[in-house]
Amino acid sequence: MRFRPGASGLALLAVCSLTLAACSAGSLGSSDDAGGSGAVEITYLTTNQDQDVKEAEQLAKDFHAKNSNITVKVETRPGGTEGDNIIKTRLSTGDMVDIFNYNTGSLFNAIAPQKNLLSVNDEPWVKDLDENFKKTVTADGQVYGAPVGGFQGGAILYSIPVYEKLGLTIPKTWAEFMANNAKIKASGGGVAPVIQTYGETWTSQLFVLGDFHNVSSAEPDFADKYTKNQAKYATSPAALKGFEHTEAVHDAGYENKDFASAKLPDGLKMLATGKGAHYPILSGVVANMVATYPDAAKTVGLFALPGDDASKNGLTLWTPGGLYIPKTTEGAKLDAAKKFQAFVASPDGCKSQNTAGAPTGPYAVKGCTLGDDVPKAIKDMQPYLDKEGSSSLALEFLSPVKGPSLEQITVEVGSGIRKAKDGAARYDEDVKKQAQQLGLAGW
């Protein structure tokens, strides 16, 4: 199960689609409209989450403005398992739309890209892709996708006013982070040092999953060995630390009092209003926070999860979605789909996405900028991507092994119900069934 907010297998398939041609009072009935000579219409399939639809609409509109003979029709699908099944079914039956948005990493490999997708290796824009992203849309040496959206960081969002009031500095080691928490608790201001929102269990995983840059820095071959059942969370000192950190924050009394029942909106409110100092979470939640609390664009910052070695401090990344063309797209529609894919993977495409809403993080295309009005927390991610060795992909993009029960286990560890070592061992057992279902060697 991919670590992501807002993905639900219970969502209903949207029954309507939107035809999106840049259309204004002055252009109605022009020879460039869909009925004109040489006009082509392609269908773009994306998820039915509000921001994804808004982004797709904006891309279609701005692309049409530059390519007036091409109309992009947006079709939607559910997220989660239901959406995954729709993608796999349509590909297997040859009924896929002209171009579609889907996952990267292990889920991308699960749709048999070599069989079902068009390689984009020879497209000129591929050279401008961020290497972290490129790895997640590559199979057998062939690149298959363009990025839609920005990176997300598994990080710590923090209250700038709290830091300024107490004279704190950004921690680069776990010891420094815990020292900051101690000062916050001792200040007597009623500010929770670490916000946890176990009422939404997916949010409990961050200290484990967001720590993977530190794991890979200490054990560069962990992902490969983990996939082959040669490395375990319970027996790897580096990997175990995520569980130990989850336990340590609870045992020190640094969580908010309502950590067991609080949900994501509660955590964002605490952070935005200065009632909480740190929130381990995905950077993708920043847009929702700023929409509700506009001042948070300036009062909330971001830093990577600290590890043991300050010199290796870096950010764990979740990549953008991928934009793919199935092999069933042919002729004029194929040419149009290629043009749309190239537009999305360009600075103009990034600019269009900026118009649709605040990005979740830096873009995976060279030459793209975040814009001047992006929240500070999102801007804080860019230096990690700019400095070589200061960012790493999350484990789920490097290994298909991820058990379904991690969020329940981290809730138990973070609530004092289960010790870190026990939680890690239980998770090692949890992943076994999935690895066996995938037919992985060594399991």
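Counting begins at 1 with the first residue of the sequence.
Of all the heavy atoms in Asp98 and Ile325, the pair that sits closest is O-CG2, 3.6 Å. Shown here for Ala394 and Phe212, the closest heavy-atom pair between the two residues is C-CD2, 4.2 Å. Listed here is the closest heavy atom pair of Val162 and Gly274: CG2-O, 4.1 Å. Of all the heavy atoms in Trp202 and Glu407, the pair that sits closest is N-OE2, 3.7 Å.
A salt bridge links Lys134 and Glu131; the closest N-O separation between the charged side-chain nitrogens and carboxylate oxygens is under 4.0 Å. Between Asp430 and Arg426 there is no salt bridge, since no side-chain nitrogen of the basic residue lies less than 4.0 Å from a carboxylate oxygen of the acidic one. Note on Asp62 versus Lys351: no salt bridge recorded, every NZ/NE/NH1/NH2 to OD/OE distance being 4.0 Å or above. Salt bridge status for Asp224 with Lys228: present, with a side-chain N to carboxylate O gap under 4.0 Å.
Proximity of Ile99 to Thr329: side-chain heavy atoms (C-beta onward) are nowhere separated by under 4.5 Å. Using a 4.5 Å heavy-atom threshold, the side chains of His245 and Val249 count as separate. Annotation: side chain of Val97 is in contact with side chain of Arg90 (closest heavy-atom distance under 4.5 Å).
In this structure, Glu412 contributes its side chain and Ile417 its backbone to no donor-acceptor pair below 3.5 Å. Side chain of Thr235 to main chain of Ala231: no donor-acceptor pair is present (N/O by atom type, distance under 3.5 Å, no hydrogens or angles). Side-chain atoms of Asn214 come within 3.5 Å of backbone N or O of Leu305 as a donor-acceptor pair. Here the side chain of Gln152 pairs no donor or acceptor atom with the backbone of Trp318 at under 3.5 angstrom. In terms of modelled atom types and a separation under 3.5 Å, the side chain of Asp266 and the main chain of Lys263 share a donor-acceptor contact. At distances below 3.5 Å, at least one donor-acceptor pair connects side-chain atoms of Thr136 with backbone N or O atoms of Phe133. With hydrogens and angles disregarded, a donor-acceptor distance shorter than 3.5 Å links the side chain of Tyr324 to the backbone of Asn103. For the pair His213 (side chain) and Leu317 (backbone), a donor-acceptor distance under 3.5 Å is absent. Checked by atom type and distance alone, the side chain of Lys185 pairs as donor or acceptor with a backbone atom of Ala252 at under 3.5 Å. Judged by distance alone, the side chain of Trp443 and the main-chain N or O of Lys433 form no donor-acceptor pair under 3.5 Å.
Side-chain N/O atoms of Tyr279 and Thr197 include a donor and acceptor closer than 3.5 Å. For the residue pair Trp125/Gln341, the side-chain donor-acceptor check at 3.5 Å is not satisfied. Of the N and O atoms on the side chains of Asn180 and Tyr163, at least one donor lies less than 3.5 Å from an acceptor on the other residue. Between the side chains of Thr246 and Thr410, no donor-acceptor pair is found at a separation under 3.5 Å.
Within the structure, the salt bridge (charged side-chain N to carboxylate O under 4.0 Å, His left out) test picks out the following pairs touching residues 209-222 (sequence neighbours left out): Asp221-Lys225.
Only one option out of Val374, Val300, Leu157, Leu268 pairs with Val286 in a side-chain contact (heavy atoms from CB on, under 4.5 Å); it is Leu157.
Below 30°, between 30° and 60°, or above 60°: for Phe343 and Phe340 the angle between ring planes is below 30°, a parallel geometry. Between Phe108 and Tyr144, the two ring planes are tilted [angle within 30° to 60°]. Using cut-offs of 30° and 60° for the angle between ring planes, the Tyr102 and Phe100 rings count as tilted. Between Phe243 and Tyr427, the ring planes are tilted. Angles from 30° to 60° get that label.
Taken to the nearest 0.5 Å, the CZ atom of Phe222 stands 8.5 Å off from the OG atom of Ser399.
Applying the 6.0 Å contact sphere to CG of Asp386 captures more than 12 heavy atoms from other residues, nucleotides or ligands. No more than 12 heavy atoms of other residues, nucleotides or ligands shown are found within 6.0 angstrom of NZ on Lys172. Within 6.0 Å of NZ in Lys421 there are 12 or fewer heavy atoms belonging to other residues, nucleotides or ligands. Within a 6.0 Å radius of CG in Asp95, other residues, nucleotides and ligands contribute more than 12 heavy atoms.
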List, one per line, each side-chain donor-acceptor pair under 3.5 Å for residues 359-366, sequence neighbours excluded.
from   : atom 1 : to     : atom 2 : distance (Å)
Thr360 : OG1    : Gly150 : O      : 3.0
Thr360 : OG1    : Phe151 : O      : 3.0
Tyr363 : OH     : Cys350 : O      : 3.4
Tyr363 : OH     : Asn354 : OD1    : 2.8

Report task. Carefully, step by step, assess Asp428 and Lys432 under the rule salt bridge (charged side-chain N to carboxylate O under 4.0 Å, His left out). Result -> CA-CA 7 Å; Asp428 287 332; Lys432 184 184 297 184; over 6 Å; no

Report task. Please report the C-alpha distance between Asn116 and Lys327 in whole Å, then the side-chain angles of each, then the deciding distance to 0.1 Å, and finally whether the side chain to side chain contact (heavy atoms under 4.5 Å, CB included) criterion is met. Result -> CA-CA 6 Å; Asn116 292 315; Lys327 286 184 177 178; over 6 Å; no

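Separation of the Tyr198 and Phe259 ring centroids falls under the 6.0 Å cut-off.
Take Asp251 and apply the side-chain contact (heavy atoms from CB on, under 4.5 Å) test, not counting sequence neighbours, and it matches Glu247, Lys419.
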